[in-house]
Amino acid sequence: MLLLVGLPLFLMELSLGQYGAAGPITVWKCCPIMQGVGVAMLVVSSLVSIYYNVIIAWAFYYLGSSFHSPLPWSCDAPRNAELCQNTSGSATHASASEAFWNEQVLGVTHSSGLGDPGPVQWVLALCLLAAWIVVFLCMLGGIHSAGKVVYITATFPYLILLVLIIRGATLPGSLDGVRFYLSSDWSKLLSAQVWSDAASQIFYSLGIGFGGLLSMASYNKFDNNVVRDTLVIAIGNCCTSFFAGFAIFSVLGHMALKKDIPVGSVADSGPGLAFVAYPEALSLLPGSPFWSVLFFLMLFMLGVDTLFGNVEAITTAIMDEFPALRERGRKMILLGVLCSSFYLLGLLLVTQGGIFWFTLIDTYSTGFGLIIITLLMCVGIACCYGIERFCRDIVTMICRCPPWYSRLLGCFKVCWVFLTPCLLLFTLIYTFLEMYSVPLCYGTYEFPAWGTSLGVCMGVLSCVQIPIGAIVALCHQTGTLSDRLQKAMQPLRSWGPTAAGTEEIIEVPFSITLSDSDFSAPPHSES
């Protein structure tokens, strides 16, 4: 999935943004009929921003709770003494960590399901507000201030991760956890959920399809080496995810040994891993508050770092369409309105039944919709804009290409034209088949039909922007339908490197007489 989907799509978005120096919507001057792809990216980014900051709020809540000794979700806490005695050595009953998560943090035990959200958990609401204030302040100075913050939020977690890996390696039972982490069950490849989860992991890990890559790349220098950046960032990112697994499962292996149960019984997925299983494992370590502070500080920084890309994609796209908003005062108001709106919409997710809404949005906002967006982006560049033209654009930006770059671009060309669309289409079909055959559940709660339908509408909301954008692009053209279609697939005259990035003003101490031939376009030389 990384080699055939992650790397090609990452390079495609990075190259588009850098060459066009524009955000997710304006960048489609290269192929106006596909401008709906950019709008769809913004819809996905907006939905993700609403619920993703809730994860940061949870991390913030746990970070504050980690300064208590003993940890409030540990068996050493007086309120959990009776619970731990009743569930000692049992993998089937709720642990102290689960009770803390469900009762104190979420309050989900007081909700009957999706239709019964209940009151807002006000402590979580304050944590969510604090998270949005942090995002607002960090992005207030624009891409430059956000870039400086990213130096800390993207690098400091590596130090914490290294400390956690070293500490986990010294624990008894850590090897059992590592063996479980590295073991493979090839029969799982027949499950559509595995392929859908793999695609979601690649999209989230690399930021593909959300518009953030396009926005960030638009600030690059025109001659920045996008191929080098793609290889370093994409491979480095996935290696980081791989090594992070050692930090997690070494500690889970220790917890399994202490509780005398299999590692598979303590390993969980989704929020359950980060906020139930791993905190419980940390509570078993000597000096547990210190390790808990490190872990949730890392989680908080990673979450904020991820959210920067989504919010930047939205603000860049809006300012591209309305340049007057680039003025500092107006940009601050725009950012404030966005953060305030997302905060208010996110309050539903911090109610007692908010975890059900969180699960619904998480499942459908980035499920089949994100796959369709990236599939059509790939098809649009390969078939409408032209894959040869796109490769020439990349070579133009890099200028001096080593010989092996041409061979590498040849491999990427095969992926863009055939392999990547086929794999995305295969994953999409599998996702649809499983979506209608396996009901959505959270724990023992099965989502009602109306809830599933609402989730599908969220996914459709992003996809429907693509045909709408195509219709708008056709309406802006003149002539017959065939003429309009042909014109809408051609790049606009304003597409390409910005004048500021490609022209130099040279002062000379003498006058120059120009003839008519000086204004004619020189023939293109073959390189």
Side-chain angles (χ1 to χ4, degrees), residues 36 39-55 57-58 98 101-103 105-122 124-125 128 191-197 199-200 203-204 209-210 268-272 275 310 341-373 427-468:
V39 181
M41 287 180 173
L42 295 190
V43 173
V44 172
S45 289
S46 299
L47 290 172
V48 170
S49 297
I50 292 171
Y51 85 84
Y52 199 87
N53 218 10
V54 175
I55 301 176
W58 293 337
E98 287 178 286
W101 168 246
N102 289 321
E103 296 174 14
V105 180
L106 300 179
V108 68
T109 53
H110 303 290
S111 173
S112 60
L114 197 64
D116 178 29
V120 171
Q121 297 282 92
W122 287 109
L124 269 186
L128 183 63
S191 170
Q193 189 61 43
V194 170
W195 289 94
S196 180
D197 290 344
S200 296
F203 291 151
Y204 265 107
F210 297 99
D268 204 343
S269 60
F275 297 103
N310 288 339
S341 302
F342 289 149
Y343 169 70
L344 294 175
L345 291 171
L347 286 177
L348 175 63
L349 308 185
V350 292
T351 58
Q352 292 176 344
I355 188 63
F356 301 117
W357 288 96
F358 175 90
T359 304
L360 187 72
I361 300 175
D362 180 35
T363 302
Y364 290 104
S365 65
T366 58
F368 64 88
L370 200 56
I371 299 175
I372 291 174
I373 290 170
T427 306
L428 180 64
I429 294 172
Y430 241 24
T431 301
F432 278 133
L433 290 175
E434 185 135 331
M435 185 173 67
Y436 286 103
S437 61
V438 180
L440 179 63
C441 297
Y442 175 78
T444 58
Y445 174 75
E446 183 176 322
F447 282 70
W450 68 267
T452 304
S453 300
L454 183 61
V456 172
C457 288
M458 291 181 196
V460 172
L461 180 64
S462 59
C463 300
V464 76
Q465 308 303 321
I466 300 174
I468 291 176

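Reckoned from all heavy atoms, side chains included, excluding hydrogens, waters and symmetry mates.
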Taking the side chain from [X] and the backbone from [Y], do they hold a donor-acceptor pair closer than 3.5 Å?
X: Y445; Y: L114; result: yes
X: S111; Y: V108; result: no
X: S365; Y: V44; result: no
X: T351; Y: G118; result: no
X: D362; Y: F358; result: no

Can you measure from [atom1] ([X]) to [atom2] ([Y]) and round to the nearest 0.5 angstrom?
X: L349; Y: T359; atom1: CG; atom2: OG1; value: 9.5 Å
X: F447; Y: Y442; atom1: CZ; atom2: OH; value: 9.0 Å
X: T431; Y: L370; atom1: OG1; atom2: CG; value: 11.0 Å

>> Counting only heavy atoms not in W122 (residues, nucleotides, ligands), do more than 12 fall under 6.0 Å from its CH2?
In response: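 No - once you tally the heavy atoms of other residues, nucleotides and ligands closer than 6.0 Å, there are 12 at most.
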Mind listing the closest non-hydrogen atom pair of [X] and [Y] along with its distance?
X: N53; Y: L128; value: O-CD1, 3.6 Å
X: P271; Y: W101; value: CB-CZ2, 4.0 Å
X: S462; Y: A40; value: O-CB, 3.1 Å
X: V54; Y: I50; value: CG2-O, 3.7 Å
X: V456; Y: F368; value: O-CZ, 3.6 Å
X: G369; Y: C463; value: CA-SG, 3.6 Å

>> Would you call the rings of W58 and F275 parallel, tilted or perpendicular, taking 30° and 60° as the class edges?
In response: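 Perpendicular.
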> Parallel under 30°, tilted from 30 to 60°, perpendicular over 60°: which one fits the rings of Y52 and Y204?
Replying inline: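 Parallel.
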Any side-chain heavy atom of [X] within less than 4.5 Å of one from [Y]?
X: V48; Y: F210; result: yes
X: L348; Y: P117; result: yes
X: F203; Y: I371; result: yes

> Run the side-chain contact (heavy atoms from CB on, under 4.5 Å) check on M435 and T363 step by step: do they pass?
Replying inline: CA-CA 10 Å; M435 185 173 67; T363 302; over 6 Å; no
